[in-house]
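Labels below follow one simple rule: chain letters A, B, ... track the order of the sequence lines, proteins then strands, and each chain is numbered from 1.
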Amino acid sequence: MDLNGLNPAQREAVLAVDGPILVVAGAGSGKTRVLTHRIAHLVEAHDIFPSSIMAITFTNKAANEMKSRIESLVGPVTSQMWVGTFHALCVRILRRDGHHIGYSSDFVIYDTTDQKALVKNCFKALNLDDKQTPIQSFQYKISNCKNDMMTPEVYETNFMKDPRERDFIKLYKLYQERLKANQAMDFDDLLLKTLELFDRYPEVLEYYRNKFKYVHVDEYQDTNKAQYLFIRKITSKYKNVFVVGDGDQSIYRWRGADIRNIQDFEKDYPGATIIKLEQNYRSTQNILDLANGVIKNNPGRRDKNLWTEAEAGEKIRYYQAYDEKDEARFIIGQIKRLIREEEFKPSDCAILYRTNVQSRALEDVLNIEAMPYKVVGGLKFYERKEIKDVLAYMKLMVNGADDISFLRVINEPKRSIGDKTIEKLTDFARERGLSLLEASGRVYEIDGISGKTAAAMSEFHEIIVSLRAKIDLSFAGEVFDELIERTQIIASYERERTDEADGRIDNIYELKTVIEEFEKRQDQPGIRDFLAETTLKSDQDSIEAVEDGVLLMTLHASKGLEFPVVFLVGLEQNLFPSYRAQDDEEELEEERRLCYVGITRAEKLLYLTHAKNRNHYGRFEPRTPSRFLGEMNQLLIENMSERTLASVLKESKPKEPSFYDIKPVKKNPYFTPDMGNNAKPETVLEEGSAFAPGDKITHKVFGSGMIVTVDAKSSILTIVFDAHGIKKLDPAIAQIKVIR
DNA sequence: GATGCTGCGCAGAAA
DNA sequence: GCGCAGCATC
């Protein structure tokens with residue numbers, strides 16, 4: 001294989017074969033190149049079986065790209081490698097071995113909507129008040145728990161003494177029971193159940209850790225505790241684990257990513273080789289200097305400085321807008337100018353924002369100017385109601401135990417089956433331990449359901465059961481046609497005769513095309529694999545490069561991508577950085593990394609904009625410029641608005657946050673993620689430390705409370721005050737007395 | 001049981 | 001300024 005195209009650091013990484021290896025890969029330093037060449041090198045130079053190679057990514061898009069790049073190096077043997085996302089690889093393992101822990105290979109995956117429906121379902125069953133506790137908060141809490149390996153049992157052991165946690169414990173338990181009963185897993189379960197399988201059936205783990213002699217992980221800084229453990233276990237035999245990542249691009253703390261996984265790699269894998277890739281092949285020096293200047297403000301990071309052989313390039317362009325409309329007009333005006341006067345296409349330009357709502361003003365102007373564009377994310381095809389309905393029908397066909405899908409479609413299209421009927425059906429099913437689908441087949445035994453309603457339900461049952469029998473015998477397209485025909489889904493939309501309904505019909509036909517294409521592409525096509533694939537699709541996966549249009553997306557969605565021209569917009573306090581970072585240093589650091597990610601997406605031109613005023617909840621509010629603008633090297637910046645950044649910043653110096661401004665931290669105070677059985681310690685108490693979690697204390701202003709956590713490094717205390725909620729306080733400053 | 005209207009709460013990023 | 005949930009009405 002030709003290694004001449006690689007720089008020395010890249011070559012070193014490619015040639016390192018055995019043992020744990022961490023490649024610290026700065027933005028644009030060619031990490032995918034290193035990963036693919038390394039894998040090809042294993043096969044070609046070391047005769048490693050392709051089937052003993054695993055490569056894990058975070059998006060399907062990244063996985064597909066990696067697969068095709070490896071394939072161009074080593075050919076069709078690539079198909080024997082396991083290349084995919086954590087979720088997809090876990091599905092593969094669970095389909096094969098999930099039966100050990102009570103899951104049929106036909107289990108379905110619940111997306112966030114299904115998950116919400118199930119949580120709601122459990123709320124009802126437990127008679128919980130959804131006005132007091134929003135359903136969504138429990139949904140998030142379950143996911144957070146799972147990300148940190150906190151099962152209902154572990155959670156209960158830790159928090160059963162706290163009366164405020166009782167409802168949640170009950171709900172979490174029931175939720176887990178029902179998932180199992182429905183033969184369903186949520187996103188997080190895919191990992192947790194795989195780990196449970198490995199724990200309870202060592203022979204299963206033995207099989208996989210023998211099989212995968214070389215394991216690769218992309219974007220290692222984004223791994224959460226469960227993913228970390230998955231990697232540890234599967235590499236525990238050969239310890240040939242090759243991870244690539246960049247702590248400065250860790251932006252998924254909110255979904256459980258733990259930056260310590262990459263920071264502590266050497267500790268976790270003694271004798272690890274560390275290789276740094278610092279040469280950047282993407283951006284101009286000015287762009288890199290700006291990015292380096294911002295990220296330097298984060299303490300405690302691995303030192304790393306991106307450099308390039310490219311020229312300094314254009315200066316960074318700055319514009320202060322009057323409001324979000326003015327901001328949008330400026331941006332689209334610039335794009336038009338770039339297309340007219342320079343050699344750029346609309347698709348060379350990306351507009352990156354912090355929150356999805358910011359796309360609206362931009363879209364308005366893009367529409368007015370008739371500029372083609374594409375919003376990444378937003379309302380996705382698979383989130384549309386009609387698509388979800390059809391998919392729910394298919395899930396139910398595959399897995400009759402799936403009560404959530406049953407409830408979704410039993411009255412869709414309308415069959416005159418309402419709440420009362422559902423209640424009777426549910427009671428009947430529960431008494432006899434049946435699934436709702438099974439119960440619907442015995443509808444004539446149920447008291448109180450008769451006539452038209454009973455007939456409709458019986459027919460529904462018959463449709464599902466007869467289609468299920470055909471799944472393995474017919475082409476998916478045929479089954480699909482029959483499903484549409486017999487359920488009258490399209491027919492009922494046709495009767496509506498509205499543009500909206502016509503759109504839905506088009507979408508359903510589009511779904512049929514997608515299924516047929518899937519069927520052609522697979523060796524052993526199956527509806528259940530199609531369902532898994534669609535559920536696990538990400539926003540990034542849907543980005544198509546074919547169309548020529550301006551791309552609009554959140555900063556999060558932009559990670560891993562690059563564009564000749566980048567507009568980084570809405571650089572305002574409490575928007576970017578988010579208001580949630582106001583009094584939370586760690587959050588702020590994450591926002592700063594996000595800023596770093598945004599800047600380093602740009603190849604040639606970078607624009608920074610913010611508005612003096614912005615509509616928020618329909619109210620016109622004055623805004624102050626982002627502190628990140630203040631952290632940038634002004635010498636790199638060129639002014640395009642009335643006033644220079646320097647003069648704007650001088651005027652709006654952010655005031656020092658006062659001690660009493662500290663807001664309650666939103667996180668669950670009782671939530672100490674390190675209490676899971678396999679966890680690494682997060683808060684190590686120093687010897688003789690005056691404070692420990694659980695201590696009762698008093699504070700001059702906030703009164704009495706209890707210490708929840710003690711940060712090992714900063715010794716900052718998280719305290720729940722009886723009357724003031726949760727605060728983070730530094731005992732070196734605040735006067736805190738322990739009551740013993 | 002279906003449909004249409006009102007008002008509340010909201011919008012942080014997602015596989 | 002919008003979407004969804006809940007309620008009133010047919």
- Query: How would you list, by chain and number, every residue that makes a side chain to side chain contact (heavy atoms under 4.5 Å, CB included) with A/S105, sequence neighbours excluded?
  - Reply: A/R528

- Hits for side chain to side chain contact (heavy atoms under 4.5 Å, CB included) against A/T59, two or more places apart or cross-chain, chain-then-number order -> A/K61, A/A62, A/S538, A/Q540, A/D541

- Do A/F230 and A/Y208 make the cut of ring centroids closer than 6.0 angstrom? no

- Task: Between A/K414 and A/N60, just flag the one whose closest nucleotide in DNA chain B comes earlier from the 5' side.
- Result: A/K414

- Most 5' of A/T85 and A/I417 on DNA chain B, judged by nearest nucleotide: A/I417

- Task: Report, as a single string ordered 5' to 3', how protein heavy atoms within less than 4.0 Å touch nucleotides 3-9 of chain C: B base, S sugar-phosphate only, - not at all.
- Result: ---S---

Only counting residues at least two apart or in another chain, list the ones meeting salt bridge (charged side-chain N to carboxylate O under 4.0 Å, His left out) with [X].
| X | result |
| --- | --- |
| A/R178 | none |
| A/R415 | none |
| A/R495 | none |
| A/D402 | none |

Can I get a per-line list of side-chain donor-acceptor pairs under 3.5 Å for residues 420-429 of chain A, giving both atom names and the distance, sequence neighbours left out?
| from | atom 1 | to | atom 2 | distance (Å) |
| --- | --- | --- | --- | --- |
| A/K424 | NZ | A/G448 | O | 3.2 |
| A/T426 | OG1 | A/I422 | O | 2.6 |

Regarding [X], tell me which of base, sugar-phosphate or nothing describes its non-hydrogen contacts under 4.0 Å with the strands shown.
| X | answer |
| --- | --- |
| A/Y353 | nothing |
| A/Q136 | nothing |
| A/N411 | sugar-phosphate |
| A/D419 | sugar-phosphate |

- Query: Dot-bracket for DNA chain B, 5' to 3', with Watson-Crick and G-U pairs under 3.5 Å, [ ] for crossing pairs and | for other-strand pairs: what is it?
  - Reply: ||||||||||.....

- Query: Under the ring pair (Phe, Tyr, Trp, His ring centres under 6.0 Å) test, which residues partner A/F58, sequence neighbours left out?
  - Reply: A/F86

- Where chain A begins and ends its contact with DNA chain B, read 5' to 3' at 4.0 Å from heavy atoms: B/dG1 to B/dA15

- Distance, rounded to the nearest Å, where A/R614 contributes CZ and C/dG1 contributes P: 15 Å

- Message: Under the side chain to side chain donor-acceptor pair (under 3.5 Å) definition, can you give me all pairs with a residue in residues 188-198 of chain A, not counting sequence neighbours?
- Response: A/S143-A/D188, A/K146-A/D189, A/Q176-A/D189, A/K193-A/E196, A/E196-A/R200

- Nearest heavy-atom neighbours spanning A/A328 and A/A361: CB-O, 3.7 Å

